[in-house]
Amino acid sequence: MSTGPGADSAPAPATHDSSSAPDYSSASDTSAPDRSNGASRTFSRSTGASGATPRSPRSSSMFSSLKIRNYRLFFLGQVVSNTGTWMQRIAQDWLVLSLTGSSAAVGITTALQFLPMLLFGLYGGVLVDRLPKRPTLLVTQTAMAVTGLALAFLTLSGHVQVWHVYVAAFAVGLATVVDNPARQSFVSEMVGPGQLQNAVSLNSANFQSARLVGPAVAGLLITGVGTGWAFLFNGLSFVAPIAGLLMMRARELHVVERAPRGKGQLREGLQYVANRPELIWPIVLVGFIGTFGFNFPVWLSAYADDIFHAGAGAYSFFNTLMALGSLAGALLAARRGTARLRILIAAALAFGLLEVVAAAAPSLWLFSLLMVPIGIFGLTVNVTANTAVQMATDPAMRGRVMALFMMVFMGGSPLGAPLVGWVTDAYGPRVGFALGGLVSAAAAVTVGLVLSRVGGLRLAVGWHHGHPRFRFVPKERREEQLAAAV
């Protein structure tokens, strides 16, 4: 709700504010034909009406997007809500385990929470493109608050049964189908293209900070007063983001054109992504890494128990160090002003190779230390891909594109975990962990080569300040350099 008079009556003019595609290289601008309609399309940046080529700043203040009032309200609300969400995750799993004594039942709860995204995620994106984002988020956040409060009432009154938790998990999953792409695309409406990378990075830092605090608080509540109070805190925590949404000034939002209701919009969204290499290949890369490279619950628990024989304390320690690395990665990403695909490819390659190195680590302390850079590069992959895809997407299509992005990323682990778990059980944790890293690194190399070919780039090898330097440059520039040398 607006706080000033006339806030809703004077919206900013509609603008396609995120048509700028991420750079493929650090050299000059390159262009390649867009095969979606036969027209030539600039991959590195699109030009504005005046013919100028806007460029995001190479670096910015780490917290620059918080200067924007609407985003500041959103961010502060998410600080509280994300903490409650992590508390509910821990309390939910512990409650199911207490009621059934079955780890399989805990797995069913997790599957039910992810199942709606796998089944209906793309349809959620279609809805998000049609609907105004702020009212949509008010509905989804309220629905999740009601779910948490209902679980709190059932648990505190002593009437909770395991099927209640199943229904609640599925209900949260249904709300997430719309809430996730709406939140992702609403960020650009709050901050505009110039601050998008910073805002997406701060969102990730926000989530990772809650990942450190939420489980610890949940553990204290569960052992002290019971799981019901953790559910109650989560339900009440949604007051913060709902209040933030209501206090926003509509006139300060970057208004974008909404997609009209019509047939074939789901197919249109898939075709839109398929015909744009700068969208489809980052999503493919994130899909491979999410499916094979992010199965840390399988690997870290196996290393703690079977390799180092250190128990649950080591498992918790591994996760804490990775969360610290992820937080550092998010803050470093917030400081960068660009979301270049070369950064995405390099981070994905480093992530995969570090997993291979960690798989062979001979000692617990070396393995533990490697969790920090793995967290940094894993988060860099997520943030850079998220920002690059949003920046290269027309605002009217962003809900569908981000729904596909989140469906591929979030849906990958439930599909890949059984396979990775089987390999880990059959051949040992070291083989399972190394396999995940090798698949991630191979995907990074393959996608990097595809993008360089599509973007008309080639690998240039040289020296910079006495050190070897590898980078992709336009073929034309390399040919000019060779001709000049001759």
Please list every donor-acceptor pair under 3.5 Å in which a side-chain atom of residues 113-122 meets a protein atom from a residue at least two apart or in another chain.
| unit_1 | atom_1 | unit_2 | atom_2 | d |
| --- | --- | --- | --- | --- |
| Gln113 | OE1 | Gln92 | NE2 | 3.2 |

Not counting sequence neighbours, which residues clear ring-ring contact (aromatic ring centres under 6.0 Å, His included) with Phe292? List them please.
-> none
Using a strict cut-off of less than 4.0 Å between a Lys/Arg side-chain nitrogen and an Asp/Glu carboxylate oxygen, indicate whether Arg69 and Glu252 qualify as a salt bridge.
-> no
In this structure, CE of Met190 is separated from CD1 of Ile68 (nearest 0.5 Å) by 9.0 Å
Hey, mind stepping through Asn203 and Tyr71 against side-chain hydrogen bond (donor to acceptor under 3.5 Å, both in side chains) and telling me if it holds?
-> CA-CA 10 Å; Asn203 284 348; Tyr71 179 70; 2.8 Å; yes
Check: Ala230 main-chain N/O paired with Asn234 side-chain donor or acceptor under 3.5 Å | no
Rounded to the nearest 0.5 Å, what's the gap from OG1 on Thr380 to CD1 on Ile343? Could you check?
-> 9.0 Å
With sequence neighbours left out, the residues meeting side-chain hydrogen bond (donor to acceptor under 3.5 Å, both in side chains) with Ser368 are none
Thr140: which of Asn180, Asp179, Val172 passes side chain to side chain contact (heavy atoms under 4.5 Å, CB included) = Asp179
Between Phe186 and Leu245, is any pair of side-chain heavy atoms under 4.5 Å apart?
-> yes
For Ser188 and Ser185, indicate whether the former's side chain and the latter's backbone hold a donor-acceptor pair under 3.5 Å.
-> yes
Value rounded to 0.5 Å, distance of CD1 in Ile222 from CH2 in Trp229 | 14.5 Å
Tell me, please, which residues at least two apart from Arg89 pass salt bridge (charged side-chain N to carboxylate O under 4.0 Å, His left out).
-> none
Rounded to the nearest 0.5 Å, what's the gap from CG on Leu344 to CG on Leu451? Could you check?
-> 8.5 Å
Donor-acceptor contact below 3.5 Å, side chain Asn198 vs main chain Ser65 = yes
Show every donor-acceptor pair shorter than 3.5 Å between a side-chain atom in residues 73-84 and any protein atom, with sequence neighbours excluded, or say none if there are none.
| unit_1 | atom_1 | unit_2 | atom_2 | d |
| --- | --- | --- | --- | --- |
| Asn82 | ND2 | Gln78 | O | 3.2 |
| Asn82 | ND2 | Asn206 | OD1 | 3.2 |
| Thr83 | OG1 | Val79 | O | 2.9 |

Say you draw a straight line from CD1 of Ile345 to CG of Leu285; how long is it, rounded to the nearest 0.5 Å?
-> 5.0 Å
Report yes or no: does Arg400 contribute a side-chain atom to a donor-acceptor pair with the main-chain N or O of Asp129 at less than 3.5 Å?
-> no
May I ask you to decide if Ser157's main-chain N or O and His159's side chain share a donor-acceptor pair within less than 3.5 Å?
-> yes
Minimum heavy-atom distance between Phe433 and Ala358, given as atom pair plus value = CE2-CB, 3.8 Å
Side chain Arg72, main chain Leu66, donor-acceptor under 3.5 Å | yes
Of Phe317, Trp365, Phe367, the residue whose pairing with Phe308 passes ring-ring contact (aromatic ring centres under 6.0 Å, His included) | Phe367
Residue from Met391, Met397, Gln390 passing side chain to side chain contact (heavy atoms under 4.5 Å, CB included) with Thr393 | Met397
For Phe377, all residues meeting ring-ring contact (aromatic ring centres under 6.0 Å, His included), sequence neighbours excluded | none
Can you tell me how far CG of Asn275 sits from CD1 of Ile280, rounded to the nearest 0.5 angstrom?
-> 9.5 Å
Smallest separation among heavy atoms of Met144 and Ala175, with atom names = CG-CB, 3.7 Å
